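Inspection log for the structure reproduced underneath, given as structure tokens.
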Amino acid sequence: MSARGAVILGCAGPRLSPRERDFFAKVRPFGFILFARNIVDAAQVRALCDELRGCVDHEAPILIDQEGGRVQRFRPPLGREWPAPLAFVEQAGAEAVRAMYLRYRIIAEELRACGVDANCAPLVDVAEEGTHPFLKDRCYGFDAEAVAALGRAVADGLLDGGVYPVLKHIPGHGRARADSHLDLPRVSVEPAALARDFAPFRALNDLAMGMTAHLVYEAIDDQPATISPKMMGLIREEIGFGGLIMTDDISMQALSGTLAERSAASIAAGCDVILHCNGDYDEMVAVAEAAGALQGAAERRAQAVLDTRPTPVPVDIPALSAELEALLSGQGHV
């Protein structure tokens, strides 16, 4: 049996092509990720998840971005339409922690019903007034301690629903003034000021999976965190994150060089798994070859993820929905 590939990959459409199926069977990706192009209806998504897992011989995590607001791949009728997290937290006021737990427990139920078992949340980047618009309304707030508490509520809601949380964007993207999908953000503050950014990630460093940020902290290193051995060391040692670390999408334009070069540099820096999202077959081949197989500590962390698969706690979803509506009454309704 060949080793698992150190990759999480997308696919091109709502069903696998024969060459995608053969490629995934050969590479054995650790996991997969779905986007809107992969989603038609519930039966189709369940069939696609079965197809993907059928290509490998482990219960591969299948990820999605279901934050709410602009970033939600399940739309009605597959999933509820949720406000952006920042607006939702502000709406919930003093009840925000419980509201976020309920929101993500309901989201977990919707995801698992279709075979998806990992959500790229909580996002615990601490917002500032100048945080780039691509990120700002996806944040949970402006205070690190409050963001950490809300992030824990999100993680607990997902775990209680049998869905893996993915902590992002380590070590913190809130100071960025550029969109890392398009440009490389550079943060120039002194190291002492970064303690606020790191704090929510340290508070949640027990989660099984996390995702890097493609940005430069100039006071620490001149390379983007994803490909910086210094920054990856800081994530492991100062932040104390012991779980599996995946890159943010390796094809984002914050990074330079070929996809193969980016992938190799990320693995060399200390990332465990390369995330490649767009489903382009030729790109996936290059990324998988450069990433290689999970081995050593990365393989152990990947196995720990599989060994700690969350089991859903039975719950009355209509009752949770009613609680959330009552909690928000007088402040608006979801």
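Just so you know, these numbers come straight off a predicted model, no measurement behind them.
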Looking at [Y] and [X], is any side-chain nitrogen of the basic one under 4.0 Å from a carboxylate oxygen of the acidic one?
X      : Y      : value
Asp65  : Arg138 : no
Arg70  : Asp137 : yes
Glu128 : Arg177 : yes
Arg105 : Glu323 : no
Asp272 : Arg236 : yes
Asp206 : Arg152 : yes

pair [X]-[Y]: side-chain heavy atoms closer than 4.5 Å:
X      : Y      : result
Cys139 : Val147 : no
Ser266 : Ile227 : yes
Asp156 : Tyr104 : no
Ile245 : Thr212 : yes
Asp248 : Lys168 : no
Leu102 : Arg98  : yes
Leu48  : Gln44  : yes
His276 : Arg262 : no

Treating [X] as the side-chain partner and [Y] as the backbone partner, does any N or O pair qualify as donor plus acceptor under 3.5 Å?
X      : Y      : value
Gln72  : Trp82  : yes
Asn38  : Gly13  : yes
His214 : Asp249 : yes
Ser228 : Gln223 : no
Arg4   : His58  : no
Gln66  : Leu111 : no
Arg309 : Glu59  : yes
Arg73  : Ala36  : no
Asn205 : Arg202 : yes

Before giving the answer on side-chain contact (heavy atoms from CB on, under 4.5 Å), spell out for Phe134 and Leu182 the whole-Å C-alpha distance, their side-chain angles and the decisive distance to 0.1 Å. CA-CA 11 Å; Phe134 99 92; Leu182 306 173; over 6 Å; no

Out of curiosity, does [Y] fall in the hydrophobic cluster containing [X] (side-chain heavy atoms, cut-off under 4.5 Å, transitive links)?
X      : Y      : value
Tyr164 : Phe35  : yes
Phe30  : Val163 : no
Leu150 : Leu135 : yes
Phe74  : Leu52  : yes
Val273 : Ile239 : no

side-chain contact (heavy atoms from CB on, under 4.5 Å) for Ile235 and Phe201? Distances and angles first, verdict last. CA-CA 9 Å; Ile235 289 167; Phe201 296 96; over 6 Å; no

Which heavy-atom pair separates [X] from [Y] by the least distance, and what is that distance?
X      : Y      : result
Tyr217 : Met231 : CD1-CE, 3.3 Å
Val7   : Ala291 : CG1-CB, 3.7 Å
Leu34  : Val45  : CD1-CG1, 4.1 Å
Glu129 : Lys136 : O-NZ, 2.9 Å
Cys55  : Phe24  : CB-CB, 3.7 Å
Ser188 : Glu218 : CB-OE1, 3.2 Å

Hey, what do you get for [atom1] ([X]) to [atom2] ([Y]), rounding to the nearest 0.5 Å?
X      : Y      : atom1 : atom2 : value
Leu167 : Leu123 : CG    : CG    : 9.0 Å
Asp222 : Arg186 : CG    : CZ    : 4.5 Å
Glu81  : Arg75  : CD    : CZ    : 4.5 Å
Ile8   : Met209 : CD1   : CE    : 6.5 Å
Phe198 : Ile170 : CZ    : CD1   : 11.0 Å
Leu207 : Leu158 : CG    : CG    : 9.5 Å

Looking just at side-chain N and O atoms, do Asp125 and His169 make a donor-acceptor pair shorter than 3.5 Å? yes

Does any donor atom in the side chain of Ser321 or Arg80 lie under 3.5 Å from an acceptor atom in the other side chain? yes

Just do the side-chain contact (heavy atoms from CB on, under 4.5 Å) check on Leu78 and Glu110 with the steps written out, would you? CA-CA 7 Å; Leu78 280 183; Glu110 294 168 346; over 6 Å; no

Carefully, step by step, assess Ser180 and Leu215 under the rule side-chain contact (heavy atoms from CB on, under 4.5 Å). CA-CA 7 Å; Ser180 52; Leu215 83 172; 5.9 Å; no

